[in-house]
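Single-structure report; data block below.
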Amino acid sequence: MLRTASTTLAIAAITLAAQAQITITNSVFPVLGDQLHYAYGNQPNAINAVYTAPGLDQVWDLSGLQASSTMEEMYRDPLTGAGSADFPGADLYVDQGSDGQGQEDYLNVTSTAVELMGSWGVDPLQLGSSWVVRWLPPIAERRAPVNFFDINANSSNSITYFLPAEMPAGWTAQFPNNDSLRLRVAINDIATVDASGTMTIPGGTYAVLREKHTRYTQRWVDGKFTPLGWLDVTDVCVNQYGMGAQLRTDTIITFHFLNDVSKETIAVCELNNAQNEVVGVRYKLVDFSTAAADPAATAAAARVYPNPAPDRIIIQAPELQPGGYQLVVLDATGRQVMHHPGIAGAPARQVELDIAALPPGVYQGTIVTETGSALPFRFVKS
């Protein structure tokens with residue numbers, strides 16, 4: 001009898017706790033015409049104990065973040081996209097370049113999920129080409145309903161075919177019988193709703209569920225050789241042509257703080273490889289109408305040349321006095337792809353930046369001076 005009573009009380013306690021949490025519904029799914037606004041910050045002293053143990057009624061405070069850059073996501077009619085013919089069943093698309101020069105992501109929206117069908121205009125191997133990538137099955141980027149204790153797994157694969165002529169110089173001579181190539185990518189994502197509470201960001205405090213994403217990504221390159229057929233040539237690409245950065249196996253952990261009213265995710269925090277530090281936060285831009293009042297937003301943009309560029313750019317501005325600087329570069333999705341916490345002084349009011357390792361696309365950057373002023377810049381990697 002005592003054991004039964006204890007079990008009943010434990011179940012009741014869990015039930016009450018679960019009932020006290022918010023539920024994320026499909027009311028926050030994007031629809032045609034939606035324009036979502038985000039900011040990005042990576043100030044270590046402003047990221048206050050985001051990496052907490054699972055649990056209820058937690059308090060996370062990111063109010064000290066300062067926007068080093070901002071971004072918008074506009075959900076458009078898929079028939080107007082440059083890659084529309086490759087995704088005939090899409091409901092929406094997002095131009096990650098925001099200017100017709102970037103990657104286009106095509107989405108399928110159901111009552112329970114927003115799924116990434118694939119992307120047009122990407123170059124995952126940084127070969128200077130524009131490819132179409134299709135995910136089978138589509139990758140669930142949002143789900144509904146989402147409740148505390150939920151666990152969801154998502155596995156997807158893509159195969160993209162391309163010609164040997166797109167490989168680095170010397171490939172054809174090394175493999176004269178190579179008919180074609182393909183890039184295989186496998187993604188496994190585990191999303192666990194392990195905490196709830198309130199999240200404070202600049203401009204507001206929100207009730208949230210914390211969804212922890214652990215994403216494993218593997219990449220291989222195969223060559224089709226006559227008369228052998230398809231062979232794995234990943235090691236050759238890595239060892240002979242230095243493509244380790246493009247073909248590495250990644251494990252990326254992010255915390256997504258979800259609210260039941262806001263279409264923007266309140267915050268997405270990315271952890272470092274050691275999983276003991278948050279290295280950057282993309283968060284909801286609450287008052288985007290006054291964002292231009294921020295010194296970082298009103299500062300005159302630095303001049304970049306050459307632009308577009310394949311490997312190196314010069315960032316030049318009169319404000320670049322000699323001294324130490326912090327430089328951050330984000331891709332079109334708002335993810336940090338480059339961070340230099342301290343770079344040398346600025347002779348001739350300029351900074352030279354090596355961008356050879358970045359995939360082709362549109363990038364936003366910010367240089368933060370020792371005095372705290374910010375100089376935004378923008379460039380296209382060709």
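Below, each value reflects all heavy atoms present in this structure, side chains not excepted, and no hydrogens, waters or symmetry copies.
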Rounded to the nearest 0.5 angstrom, the CG-CD distance for Leu127 and Gln246 is 7.5 Å
Gap between atom OG of Ser130 and atom CD of Gln103 - 0.5 Å precision = 9.5 Å
Pairwise distance CG(Asn152) to CZ(Arg143) - rounded to 0.5 angstrom | 4.0 Å
Same hydrophobic cluster for Met74 and Leu79, using side-chain heavy-atom links shorter than 4.5 Å among ILVMFWY?
-> no
Qualifying residue for ring-ring contact (aromatic ring centres under 6.0 Å, His included) with Trp60, from Tyr283, Phe257, Tyr206 = Phe257
Enter the distance from Asn108:CG to Glu115:CD here, rounded to the nearest 0.5 Å.
-> 5.0 Å
Under a single-linkage definition using a 4.5 Å side-chain heavy-atom cutoff for Ile, Leu, Val, Met, Phe, Trp and Tyr, are Trp220 and Leu125 assigned to the same hydrophobic cluster?
-> no
Val329 vs Phe379, side chain to side chain contact (heavy atoms under 4.5 Å, CB included): CA-CA, chis, key distance, verdict | CA-CA 10 Å; Val329 175; Phe379 64 92; 4.0 Å; yes
Stepwise salt bridge (charged side-chain N to carboxylate O under 4.0 Å, His left out) check, Arg219 with Asp250 | CA-CA 9 Å; Arg219 305 171 183 86; Asp250 283 333; 3.4 Å; yes
Can you tell me if Thr200 and Asp61 form a side-chain donor-acceptor pair at under 3.5 Å?
-> no
Minimum-distance pair of heavy atoms, taken over all atoms of Leu285 and Ala39 | CD1-CB, 4.0 Å
salt_bridge(Asp222, Arg182) N-O dist < 4.0 Å = yes
Before accepting this row, confirm whether a basic side-chain N of the pair Arg282/Glu73 lies closer than 4.0 Å to the acidic partner's carboxylate O.
-> yes
Out of curiosity, does Leu258 fall in the hydrophobic cluster containing Ile190 (side-chain heavy atoms, cut-off under 4.5 Å, transitive links)?
-> no
Take Leu247 and Cys237 through the side chain to side chain contact (heavy atoms under 4.5 Å, CB included) test and state the conclusion after the steps.
-> CA-CA 8 Å; Leu247 295 173; Cys237 294; 3.6 Å; yes
Given the rule in the side chain to side chain contact (heavy atoms under 4.5 Å, CB included) test, do Trp131 and Glu166 qualify, once you have shown the distances and angles that lead to the verdict?
-> CA-CA 11 Å; Trp131 297 356; Glu166 297 179 80; 3.2 Å; yes
Using 30° and 60° as the class limits, which term best fits the ring planes of Trp171 and Phe175: parallel, tilted or perpendicular?
-> tilted
Would you please classify the geometry between the His213 ring and the His256 ring as parallel, tilted or perpendicular, with 30° and 60° separating the classes?
-> tilted
Any chain of hydrophobic side-chain contacts (each under 4.5 Å) joining Leu209 to Val268?
-> no
For Thr226 and Asp179, does a side-chain donor sit closer than 3.5 Å to a side-chain acceptor?
-> no
Say you draw a straight line from OH of Tyr363 to CG of Leu353; how long is it, rounded to the nearest 0.5 Å?
-> 11.5 Å
Taking all non-hydrogen atoms of both residues, which atom of Ile187 and which atom of Trp135 are closest, and how far apart?
-> CD1-CH2, 3.5 Å
So, Lys284 and Ser262: side-chain donor and acceptor under 3.5 Å apart, yes or no?
-> yes
dist Ile159:CD1 -> Leu183:CG (nearest 0.5 Å) comes out at 9.5 Å
Looking at Asp86 and Arg134, does any basic side-chain N land under 4.0 Å from a carboxylate oxygen?
-> yes
Do other residues, nucleotides or ligands put more than 12 heavy atoms under 6.0 Å from the NZ atom of Lys263?
-> yes
Out of Asp77, Asp91, Val109, which one pairs with Leu32 under the side chain to side chain contact (heavy atoms under 4.5 Å, CB included) rule?
-> Asp77
Is there a donor in the side chain of Gln218 and an acceptor in the side chain of Tyr216, or the other way round, less than 3.5 Å apart?
-> no
Any idea which heavy atoms bring Phe29 and Ala144 closest together, and the distance?
-> CZ-CB, 3.6 Å
Answer with yes or no whether the hydrophobic clustering places Ile252 together with Val185; edges join I, L, V, M, F, W, Y residues whose side-chain heavy atoms lie under 4.5 Å apart.
-> no
Looking only at heavy atoms, which two atoms of Pro78 and Ala90 are closest? And how far apart?
-> CG-O, 3.3 Å
Using distance alone, with no hydrogens and no angle criterion, decide if Gln21 and Ser196 have a side-chain donor and acceptor under 3.5 Å apart.
-> yes
Stepwise side chain to side chain donor-acceptor pair (under 3.5 Å) check, Arg210 with Thr52 | CA-CA 10 Å; Arg210 185 181 73 182; Thr52 58; 2.9 Å; yes
Search all heavy atoms of Ile201 against all heavy atoms of Val286 and return the closest pair with its distance.
-> CD1-CG2, 4.0 Å
